[in-house]
Amino acid sequence: MIELLPLFLFIFVFIVLLAGYPVAFSLAGSALIFAVIGYFTETFDPVFLEAIPNRIQGILSNELLIAIPLFIFMGVMLEKSKIAEELLDTMGQVFGGLAGGLGLSVTLVGMLLAASTGIVGATVVTMGLLSLPTMMRRGYSAEVATGTICASGTLGQIIPPSIVLVLLGDVISSSYQQAQLDQGIFAPESITVGDLFLGALIPGLILVGLYCVYLIAIAVVAPEKVPPIPADERKVSKELWMQVLTVLFPPILLIILVLGSILAGIATPTEAASVGSVGAIILAWIKRTFTLQILRDVMHSTTEVTAMVFMILIGASVFSLVFRGFGGDDLVREFLTDLPGGVFGAVLLVMLVMFLLGFFLDFIEITFVVIPIVAPILLSMDLDPVWLGIMIALNLQTSFLTPPFGFSLFYLRGVAPDTISTQQIYRGVIPFIMIQLFVIGMLAYWPSLATWLPKVVYG
């Protein structure tokens with residue numbers, strides 16, 4: 001019974017989270033309750049708790065994590081500066097003459113917003129408010145329209161510079177070094193966020209391409225579900241192409257400055273994020289949407305999200321210390337190594353568990369709680385850390401879409417009109433979930449989709 005205490009701790013935390021208590025306090029509070037129980041039953045050494053101040057100091061002094069509030073600031077500022085609205089209008093005009101053109105526009109704008117903001121909730125809500133009424137007014141099928149918006153909004157999970165990849169980069173790097181130390185390698189190699197950004201590029205672009213192929217297939221098989229914009233409502237070509245240049249150029253330039261500087265090794269993610277934040281302010285000022293009130297709103301939103309992320313990280317650190325104090329990492333290691341199927345069986349089970357947890361928990365909780373436990377064990381099985389990181393990111397992205405608890409579905413349900421039922425939203429995302437699973441299968445079969453580009457660029 002005593003050796004199962006780590007399992008009971010995990011189950012207890014899960015129950016507390018489902019009861020609706022704040023994540024950070026649920027993690028830390030549950031861990032401390034079990035630590036007290038373990039102390040009085042002499043199954044837990046309180047010396048583990050002495051490491052908490054060092055853990056907190058390590059979190060607060062981690063330069064990489066400073067990139068998180070800066071990327072959040074950049075994303076919220078771009079949202080407030082109406083860039084998404086202009087992009088959707090312009091791309092809709094470019095592709096609107098084709099059957100399925102509006103769907104393609106939403107997908108491509110989702111990709112651009114993902115590469116410039118990396119915030120899933122903001123992207124889904126913005127596109128739901130701006131493009132869903134237009135698509136429904138044009139006669140689009142509710143399932144196709146809602147599925148496209150939900151799937152395109154989640155691209156911020158995988159297309160860099162993604163906040164998910166920044167957090168994963170820190171956790172996977174620590175796990176990789178721990179796995180090497182456990183193997184007796186005392187000069188461990190490291191991976192960077194730039195490695196994960198490069199590793200995510202090809203799978204992310206494949207995902208966007210397959211979304212577009214699916215929409216084109218619908219246009220061929222059932223064009224009545226994705227009708228084009230009537231010719232009399234489209235702009236003339238000269239006027240349109242001038243609009244394309246003025247609307248597309250600024251966000252693409254910002255993406256090149258931020259992402260290009262990271263991938264080229266010119267700037268760290270934190271430095272690039274600060275450039276992106278300043279760039280977002282300049283774009284808002286150029287578009288005459290920058291005011292002190294907007295700056296206050298952006299700062300308020302950034303502070304709220306940043307505080308949430310860091311409180312969860314501190315709570316997760318307390319949880320992981322207590323979990324290890326009970327020997328939980330040894331229990332997980334024995335379980336995974338004894339599974340039939342060896343490495344494949346272990347990876348498959350971990351991915352399945354993360355997929356299921358994604359129904360109930362946000363990616364931040366999974367990243368900070370689950371991955372530090374399982375990643376060192378999986379990486380000690382000679383798995384490539386970049387490949388594992390991208391597999392996890394794709395998996396978490398899929399769970400964002402999966403009924404009945406996918407967060408992307410909740411975001412869209414909150415802004416969709418009552419004429420669209422929840423069942424229609426659920427049916428709409430199913431083809432995109434199948435595409436996601438197909439890409440995960442491709443990456444599992446061809447790991448080089450994630451590992452080739454980092455090796456080429458960084459040697």
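These values consider heavy atoms only, across backbone and side chains, with no hydrogens, waters or symmetry-generated copies.
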Q.
What verdict does the side-chain hydrogen bond (donor to acceptor under 3.5 Å, both in side chains) test give for N395 and T398, after you've listed the backbone C-alpha separation in whole Å, the side-chain angles of each residue and the deciding distance to 0.1 Å?
A. CA-CA 5 Å; N395 193 351; T398 306; 5.4 Å; no
Q. If you look at every heavy atom in I172 and P385, which pair is closest and at what distance?
A.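 Looks like CG2-O, 3.8 Å.
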(Q) So which atom in G199 and which in V386 form the shortest heavy-atom distance, rounded to 0.1 Å? (A)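 Heavy atoms of G199 and V386 come nearest at CA-CG1, 4.1 Å.
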Given 3.5 Å as the limit, does a donor-acceptor pair link the side chain of [X] with the main chain of [Y], or not?
X    : Y    : value
T306 : T303 : no
E304 : S301 : no
Q424 : S421 : yes
S152 : I149 : no
W387 : L443 : yes
S399 : F355 : no
T291 : I294 : yes
S261 : V258 : yes
Y140 : L102 : yes
N54  : A51  : no

Is the shortest heavy-atom distance from the side chain of [X] to the side chain of [Y] under 4.5 Å?
X    : Y    : result
L155 : Q397 : yes
T192 : S173 : no
Y445 : I440 : no
T146 : V429 : no
M135 : V226 : no
T302 : M77  : no
M311 : F25  : yes
I159 : L207 : no

Q. Looking at CE of M354 and CD1 of I392, how far apart are the two atoms once the value is rounded to the nearest 0.5 Å?
A. 4.0 Å
Q | CZ on F310 to CD1 on I56, rounded to 0.5 Å | A | 12.5 Å
Pair up each side-chain donor or acceptor in residues 108-115 with any protein partner under 3.5 Å, not counting sequence neighbours, and list the distances.
none

Q: Using distance alone, with no hydrogens and no angle criterion, decide if Y211 and Q436 have a side-chain donor and acceptor under 3.5 Å apart.
A: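 Per modelled atom types, Y211 and Q436 side chains form a pair under 3.5 Å.
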Using a 3.5 Å cut-off and no angle test, enumerate the donor-acceptor pairs between side-chain atoms of residues 281-288 and protein atoms at least two apart in sequence or in another chain.
{"unit_1": "K287", "atom_1": "NZ", "unit_2": "E86", "atom_2": "OE1", "d": "2.8"}

Q: Check the pair I373, F319 against side-chain contact (heavy atoms from CB on, under 4.5 Å), reporting the backbone distance first and the verdict last.
A: CA-CA 11 Å; I373 295 172; F319 174 85; 4.2 Å; yes
Q: Test side-chain contact (heavy atoms from CB on, under 4.5 Å) on L215 and T107 and set out the steps.
A: CA-CA 10 Å; L215 291 168; T107 302; 3.5 Å; yes
(Q) I'd like to check the side chain to side chain donor-acceptor pair (under 3.5 Å) partners of D384; sequence neighbours left out, ordered by chain and number. (A) none
